[in-house]
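First up is the structure itself, then whatever we jot down about it.
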Amino acid sequence: MHSSRQRLLLLIAVLCFAAVGLALVSQHFYDLPPCAWCVLQRLIYLAIGVVALVGAFAGAIARVCSALCVLLGVGGITAAWYQYDVAAQMFSCDQTFADRFMSGSGLDGGMPWLFGIYATCMDATVEVMGVEYVLWSLALFAVLVILSLRALLLRR
């Protein structure tokens with residue numbers, strides 16, 4: 001039987017992988033090309049998802065994984081806020097941290113279907129149900145941080 005912490009971590013992983021899945025559907029089926037900050041957030045979602053899965057199935061380190069998920073989630077909030085508040089006002093994301101990191105990692109070239117940078121941050125500003133896409137991402141990162149904190153602070 002899994003503990004409450006492990007069930008929360010499993011929920012976190014599912015939410016993260018679903019977020020990346022929705023981003024890919026948006027990109028490949030609805031022609032919403034991602035910017036550098038978009039794909040950096042995808043990477044953060046995937047990292048949180050993997051860490052959460054490890055914690056869910058390796059119960060002995062579930063608390064450590066919960067703490068890592070909190071830290072990664074705060075990084076996601078920071079990336080989403082920067083995209084919304086700063087990068088979306090720029091004509092180009094070229095040479096921003098996200099662009100340098102994603103290009104330097106080789107992920108954009110190695111897995112362009114997932115991490116390819118195909119738009120500027122200004123061009124990637126779109127609304128879904130009247131709310132900017134990046135704000136949906138920021139909200140999900142906030143939910144993930146709250147769930148991760150709950151998992152971290154559980155006694156058993």
Side-chain angles (χ1 to χ4, degrees), residues 1-30 32-90 93 96-102 105 107-108 111 114-115 117 119 121-122 124-156:
M1 182 73 145
H2 288 304
S3 70
S4 296
R5 178 177 292 123
Q6 289 168 304
R7 283 193 297 273
L8 276 171
L9 287 169
L10 194 55
L11 173 62
I12 289 165
V14 167
L15 289 172
C16 288
F17 298 137
V20 173
L22 284 171
L24 290 171
V25 167
S26 297
Q27 176 184 347
H28 296 290
F29 293 100
Y30 294 101
L32 297 175
C35 69
W37 288 95
C38 298
V39 295
L40 178 62
Q41 289 172 66
R42 289 180 188 182
L43 180 61
I44 296 169
Y45 280 123
L46 291 173
I48 294 171
V50 168
V51 169
L53 270 183
V54 169
F57 292 108
I61 59 168
R63 193 177 194 112
V64 171
C65 290
S66 299
L68 284 172
C69 287
V70 169
L71 293 174
L72 287 164
V74 169
I77 289 171
T78 303
W81 183 255
Y82 184 86
Q83 179 183 349
Y84 174 75
D85 194 49
V86 178
Q89 315 308 318
M90 302 166 75
C93 302
T96 63
F97 171 78
D99 181 62
R100 289 191 319 268
F101 182 83
M102 294 309 296
S105 70
L107 290 171
D108 62 329
M111 290 186 276
L114 179 60
F115 296 118
I117 300 167
C121 294
M122 189 178 278
T125 302
V126 295
E127 289 187 0
V128 176
M129 295 187 296
V131 178
E132 284 190 38
Y133 206 105
V134 67
L135 293 178
W136 287 109
S137 182
L138 191 144
L140 180 56
F141 278 123
V143 167
L144 294 171
V145 168
I146 291 166
L147 291 173
S148 300
L149 280 170
R150 182 169 166 91
L152 176 64
L153 299 174
L154 282 173
R155 295 253 186 244
R156 281 188 87 211

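Model, not experiment: these values are computed from the prediction.
Note that CG of Leu24 is 13.5 Å distant from OH of Tyr30, once rounded to the nearest 0.5 Å. Here CG of Leu46 is found 5.0 Å from CZ of Phe115. Values are rounded to the nearest 0.5 Å. Interatomic distance, Leu43 CG to Asp108 CG, rounded to the nearest 0.5 Å: 11.5 Å. Rounding to the nearest 0.5 Å places CZ of Arg150 at 11.0 Å from CD1 of Ile12. In this structure, CH2 in Trp37 is found 11.5 Å from CE in Met102, a value given to the nearest 0.5 Å. Here Leu8 contributes atom CG and Ser66 contributes atom OG; the two are 8.0 Å apart, rounded to the nearest 0.5 Å.
The only option from Ile77, Val134, Val20 that meets the side chain to side chain contact (heavy atoms under 4.5 Å, CB included) definition with Gln41 turns out to be Val134. In summary, of the residues considered (Val74, Ile48, Leu72), a side chain to side chain contact (heavy atoms under 4.5 Å, CB included) with Phe141 occurs for Ile48 alone.
Open room surrounds CZ on Phe101; 12 or fewer heavy atoms of other groups in view lie less than 6.0 Å from it.
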Check: Would Leu154 and Arg5 satisfy side-chain contact (heavy atoms from CB on, under 4.5 Å), going step by step from the backbone distance to the final call?
Finding: CA-CA 7 Å; Leu154 282 173; Arg5 178 177 292 123; 3.8 Å; yes

Next item on the list: Take Phe57 and Leu10 through the test side-chain contact (heavy atoms from CB on, under 4.5 Å) and record every step on the way to the result.
Entry: CA-CA 9 Å; Phe57 292 108; Leu10 194 55; 4.1 Å; yes

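Taking every heavy atom of both residues into account, Leu40 and Ala98 meet most closely at CD2-CB, 3.9 Å. Smallest separation of non-hydrogen atoms from Gln6 and Ala62: CG-CB, 4.4 Å. Closest non-hydrogen pair, Ala79 versus Ile44, comes out as CB-CD1, 4.2 Å. Here the closest heavy-atom approach between residue Ala13 and residue Leu53 is recorded as CB-CG, 3.8 Å. For the residue pair Pro33 and Ala119, the shortest heavy atom distance occurs at O-CB, 3.5 Å.
With no hydrogens or angles considered, no side-chain donor-acceptor pair links Tyr82 and Thr96 at under 3.5 Å. No side-chain donor from either of Tyr84 and Ser137 sits under 3.5 Å from a side-chain acceptor of the other.
Glu132 places none of its side-chain heavy atoms less than 4.5 Å from the side chain of Gln83. Side-chain atoms of Leu147 and Leu15, non-hydrogen and from C-beta on, do get closer than 4.5 Å to each other. Residues Tyr45 and Leu144 are in side-chain contact: their nearest non-hydrogen atoms beyond the backbone lie under 4.5 Å apart.
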